[in-house]
Peer 1: 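Below is one structure. I have some questions about it.
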Amino acid sequence: MIVNEAQAGGEVELAPGEELTVRLRENPGTGYRWAVDSAAGLQLEGEHNEAGAAPGGAGVREFHFRAGPAGSHELHLKQWRAWQGEAGVAERFSLRVRIAAGAVG
């Protein structure tokens with residue numbers, strides 16, 4: 001299943017072992033990057049940045065998660081300048097993830 005900014009604050013349902021991909025706009029040249037704040041019930045399988053069309057332009061940060069055992073969990077990501085700590089958070093993304101055996105994503 002693939003989600004983006006449009007699903008922020010919403011809910012998705014996955015089966016155990018199903019993959020969840022989160023795609024969020026990012027321009028790392030500004031120093032702001034998306035990072036996982038908490039992902040209980042999900043295992044981060046990997047992440048990468050897709051560069052924008054123009055040099056230095058905005059691209060997309062993509063996170064790949066694998067659903068763990070059944071339950072209701074919260075996924076939280078933040079766009080921040082890590083060296084500024086929590087004061088450097090510019091934006092947050094959250095998603096409720098329900099993992100249930102036999103669920104269809």
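Counting begins at 1 with the first residue of the sequence. Only heavy atoms go into these numbers, but all of them, side chains included; no hydrogens, no water, no symmetry mates.
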Peer 1: Using side-chain heavy atoms (C-beta onward) and a distance below 4.5 Å, is L14 in contact with M1?
Peer 2: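 A side-chain contact exists here, since the closest heavy-atom pair is under 4.5 Å.
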Peer 1: Are any of the side-chain heavy atoms of L77 and V36 separated by less than 4.5 Å?
Peer 2: yes
Peer 1: Does the side chain of Y32 come within less than 4.5 Å of N27's, by heavy atoms?
Peer 2: no
Peer 1: Would you say that L42 contacts I99 through its side chain, given a criterion of any heavy-atom pair below 4.5 Å between the two side chains?
Peer 2: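 Side chain of L42 against side chain of I99, heavy atoms only: contact under 4.5 Å found.
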Peer 1: Considering residues at least two apart in sequence or located in another chain, which fulfil the side chain to side chain contact (heavy atoms under 4.5 Å, CB included) criterion with I2?
Peer 2: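 Once residues adjacent in sequence are excluded, the partners of I2 under the side chain to side chain contact (heavy atoms under 4.5 Å, CB included) criterion are T21, R23.
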Peer 1: Do the charged groups of E18 and R66 touch, with an N to O distance under 4.0 Å?
Peer 2: no
Peer 1: Under the side-chain hydrogen bond (donor to acceptor under 3.5 Å, both in side chains) rule, collect the residues that match up with E91, sequence neighbours excluded.
Peer 2: none
Peer 1: Taking side chain as C-beta onward, heavy atoms only, is V60 less than 4.5 Å from L24?
Peer 2: no
Peer 1: How long is the span from the CD atom in Q79 to the CD atom in E26, to the nearest 0.5 Å?
Peer 2: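 Q79 CD to E26 CD: 6.5 Å, rounded to 0.5 Å.
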Peer 1: What closest approach, in Å, do P16 and A100 show between heavy atoms, and which atom pair accounts for it?
Peer 2: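 In this case the closest contact between P16 and A100 is CD-O, 3.6 Å.
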Peer 1: Of all heavy-atom pairs between A39 and L75, which one has the smallest distance, and what is that distance?
Peer 2: CB-CD1, 3.7 Å
Peer 1: Using 30° and 60° as the class boundaries, would you call the ring planes of H64 and H48 parallel, tilted or perpendicular?
Peer 2: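 Judged by the thresholds at 30° and 60°, the geometry between H64 and H48 is parallel.
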Peer 1: What distance separates E62 CD from E50 CD, expressed to the nearest 0.5 Å?
Peer 2: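 So the gap between those two atoms works out to 5.0 Å.
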Peer 1: Count I, L, V, M, F, W, Y as connected when their side-chain heavy atoms are under 4.5 Å apart, and connections chain through other members. Are F63 and L20 then in the same cluster?
Peer 2: yes
Peer 1: Pairs in or reaching into residues 3-12: which pass salt bridge (charged side-chain N to carboxylate O under 4.0 Å, His left out), with residues at least two apart or in two chains?
Peer 2: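 Applying salt bridge (charged side-chain N to carboxylate O under 4.0 Å, His left out) to every pair that reaches into residues 3-12, excluding sequence neighbours, yields E5-R25, E11-R96, E11-R98.
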Peer 1: Would a distance-only check, ignoring hydrogens and angles, find a side-chain to backbone donor-acceptor pair under 3.5 Å from R81 to A90?
Peer 2: no
Peer 1: Mind checking whether W34 and F93 have side chains closer than 4.5 Å, heavy atoms only?
Peer 2: yes
Peer 1: Quick one: does E86's side chain get under 4.5 Å of K78's, heavy atoms only?
Peer 2: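 They are in contact (side-chain heavy atoms under 4.5 Å apart), so the answer is yes.
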